[in-house]
Number of protein chains: 2
Amino acid sequence: MARAIELYFDFISPYAYLAWTQIHRLADEHGAVVAPRPILFAALLDANKTKGPAEIPAKRVWVFKDTFRRAAYAGVPFAPPPAHPFNPLLALRVASVAQTEAQRRLAIDTLFHAVWGGGPGVTDEATVRELLTTAGLDGDALVEAAQSPEVKASVRARTEEALSRGVFGVPTMVIDDELFWGLDSFDHLERFLEGRDVLRSDELSRWRDLPASSQRKAVKSP
Amino acid sequence: MARAIELYFDFISPYAYLAWTQIHRLADEHGAVVAPRPILFAALLDANKTKGPAEIPAKRVWVFKDTFRRAAYAGVPFAPPPAHPFNPLLALRVASVAQTEAQRRLAIDTLFHAVWGGGPGVTDEATVRELLTTAGLDGDALVEAAQSPEVKASVRARTEEALSRGVFGVPTMVIDDELFWGLDSFDHLERFLEGRDVLRSDELSRWRDLPASSQRKAVKSP
C-alpha cells in the first residue's frame, strides 16, 4: 500500500493553494498518495489565541507579495478572490463529503481554483453548485450533502484531530506522524520521504526541555 | 556606492541567525553591503498584539525542527542556547554601539554564535565581555558603551523605525524600501537584486483594496 501524505488545508490560505498545486507531483515522484484533510484554519488560531497572517496589516501585504511571486515562479495561476478573509465552511464541507478520491481531488481542485486561480470565490452556494457541475461533478448533490449534520461534524472533528496532532497552521503535511508545516517545508518533506532527514531525536528532546529565562507578558486584548 | 541590504534582526530568532550566516555571501555576489539593524522582536509582537512562534507550543517544536534541518543543509553550526526565550537586550545594545562596520560584524558574529552556535548565550554580562574580548574586540568598552542611555535609546528607535516601515518579524531584509521577510525569502531577494522580481504594482494594489467578507472575533486574552 502506498504511503499517505496527509494534507491539512483550508481554502482561506494561498499557501495551502500553492501546496495543493505541487503536492501531487511530489507524492507521485515518491510513490505516495495525498490524503486531503480539510480543516478550519480560524479554529487553529482561536485555539492558540493568536492572529493569522491576514490579521496583521503589514504581514497581509507580505503574504500577497510572497504568494504572488511563488505562484509566478511555479507557473501557477494566481489572483486574489473577490473578498478575503471569507467564510470557507461551505467549501471545506464539500471537500469532506463521502466521494471517491478522484472526485474529491477534482472538487478540491475546482474550489481552490475558484478562490486563488482567478475565479468567483466559494462563498455563494449557487456559484459553488455551478462550478462543481461545470467541472463534471454533481454540484447539486455535493452541496446538499455538504449541509448534512454528519459532514458539518466531520469538518469540526478533523479540525480537533489536527489540533491534537500539533497542527498549528495550513498547509501542514503529515507522514508517519511527522509534521511539515508550510509550503517552504517541501524540501524537508522530500528528504523525509527519501529517508534522508537529518533530524535527530536526541537534539529534539534537548530543545523540548529547554528552560525559558525571559517571557513576554501575555498578549492583551486589542 | 554599493547598494545596502538592511537586515532587521534579533538574537532571539534562529531564523535571524541562519540569515546572518548567509546574507553576506548573497550581498557579496550582488555587489551589495549588509547594514545590520538590531531590533527587539518582542516589541513587534507587542505592537501587533500577536504571539511569536516560540509562544505556541506546537509551533515552537516546529521551529526547532525546521531550523535544525536548515542549518544542517547549509552546513552551519546549530544548537539551542542554554535558555529560550531569553532577554536579548544586552546583545542588541552591543550590536548598536558606534564602531566600525568590521567591528560590528565581528561583534554580531560572536553574539549570534554564542546563542545559536553552541555557545553560552548572551544574557550574562561577564560572559559577553569575555566572548567579545576573545574575538579580538574590546569587550569591556563595548559592554560599558552598550549601557549608555544613547545606545539603549537607539535600539528602541530602530525598533520603532522598523514598525513604521512595516517590519513585523525577523529577519527582515530591506532594499530600496522593499521588504523581504524570513529566511525563505532569500530567493525573492536575490531576484530583486538582479532586477528579475515579478511583482507588479497593479496586482499589489488589487490585493490591498480587497474587501473582507468574514472576520474572526478579536483575539481574547488567555
Side-chain angles (χ1 to χ4, degrees), chain A residues 42 45-46 48-52 54-62 64-66 68-69 72-73 79-88 121 123 166-169 179 181-182 184-185 187-188 191 197-200 203-204 206-208 210-222, chain B residues 42 45-46 48-52 55-62 64-66 68-69 72-73 79-88 121 123 163 166-169 179 181-182 184-185 187-188 191 197-200 203-204 206-208 210-222:
Chain A
L45 299 177
D46 285 342
N48 286 317
K49 296 184 171 60
T50 190
K51 288 186 181 177
E55 296 171 327
I56 297 169
K59 196 166 186 175
R60 185 170 185 270
V61 172
W62 166 254
F64 167 65
K65 292 184 172 187
D66 188 42
F68 182 91
R69 288 173 173 134
Y73 303 150
H84 191 277
F86 59 87
N87 185 333
T123 51
V167 173
F168 55 86
L179 272 64
W181 173 56
D184 56 318
S185 73
D187 282 353
H188 298 342
R191 286 175 187 255
D197 188 24
V198 294
L199 193 66
R200 301 198 315 271
E203 287 290 342
L204 184 57
R206 188 173 158 199
W207 179 266
R208 274 186 202 270
L210 204 62
S213 65
S214 174
Q215 304 235 237
R216 280 194 322 134
K217 294 187 189 87
V219 175
K220 297 292 188 301
S221 278
Chain B
L45 300 176
D46 285 341
N48 286 317
K49 296 184 171 61
T50 190
K51 289 185 180 176
E55 295 171 327
I56 297 169
K59 197 166 186 176
R60 184 170 186 269
V61 172
W62 166 255
F64 168 65
K65 291 183 173 188
D66 187 41
F68 182 90
R69 287 171 173 136
Y73 303 151
H84 190 277
F86 60 87
N87 184 333
T123 51
L163 278 165
V167 174
F168 55 86
L179 271 64
W181 173 55
D184 56 318
S185 72
D187 283 353
H188 298 342
R191 286 175 188 256
D197 188 24
V198 295
L199 192 67
R200 302 198 314 271
E203 288 290 344
L204 183 58
R206 188 173 159 199
W207 180 266
R208 273 184 202 273
L210 204 62
S213 66
S214 173
Q215 305 235 235
R216 282 195 318 134
K217 294 188 189 86
V219 175
K220 298 289 188 304
S221 277

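First the proteins, then the strands, lettered A, B, ... as listed; each starts at 1.
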B/Arg69 CZ to A/Asp197 CG distance, which is reported to the nearest 0.5 Å: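 The CZ atom of B/Arg69 sits 4.0 Å away from the CG atom of A/Asp197.
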Between CG on residue B/Leu199 and CG on residue A/Asp66, distance to nearest 0.5 Å: 10.5 Å
Whether B/His188 and A/Tyr73 hold their rings parallel, tilted or perpendicular, with breakpoints at 30° and 60°: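 Correct class here is tilted.
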Under the salt bridge (Lys or Arg N to Asp or Glu O under 4.0 Å) test, residues paired with A/Arg60 that sit two or more places apart: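 Testing A/Arg60 for salt bridge (Lys or Arg N to Asp or Glu O under 4.0 Å), a comparison that skips the adjacent residues, returns none.
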Residue among B/Pro211, B/Gly121, B/Ser185, B/Ala58 with most heavy-atom pairs under 4.5 Å to chain A: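 Of the options given, most contacts go to B/Pro211.
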Among B/Val61, B/Asn87, B/Leu210, residue most engaged with chain A (heavy-atom pairs, under 4.5 Å):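 Maximum pair count with chain A is reached by B/Leu210.
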Nearest non-hydrogen partners of A/Ala83 and B/Ala212, listed with the distance: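 A/Ala83 and B/Ala212 have their closest heavy atoms at CB-C, 4.3 Å.
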Least distance between heavy atoms, A/Ala42 atom then B/Arg216 atom: CB-CD, 3.4 Å
Interface residue of largest heavy-atom contact number with chain B, from A/Arg191, A/Gln215, A/Lys65, under 4.5 Å: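 When all of A/Arg191, A/Gln215, A/Lys65 are compared, A/Arg191 has the most.
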Contact winner vs chain B - A/Gly182, A/Pro85, A/Gly169, heavy-atom pairs under 4.5 Å: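 Top count of heavy-atom pairs under 4.5 Å with chain B: A/Pro85.
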Under 3.5 Å: donor-acceptor pair, side chain of A/Lys51, backbone of B/Asn48: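 Between the backbone of B/Asn48 and the side chain of A/Lys51 there is a qualifying donor-acceptor contact (under 3.5 Å).
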Measure [X] against the heavy atoms of chain A and call it side chain, backbone, both or neither at under 4.5 Å.
X: B/Ile56; value: side chain
X: B/Asp46; value: both
X: B/Phe86; value: both
X: B/Pro88; value: neither
X: B/Leu45; value: both
X: B/Ala72; value: side chain

Region of A/Phe64 that comes under 4.5 Å of a non-hydrogen atom in chain B: both
Residue A/Pro57 versus chain B: region with a heavy atom under 4.5 Å: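 Neither part.
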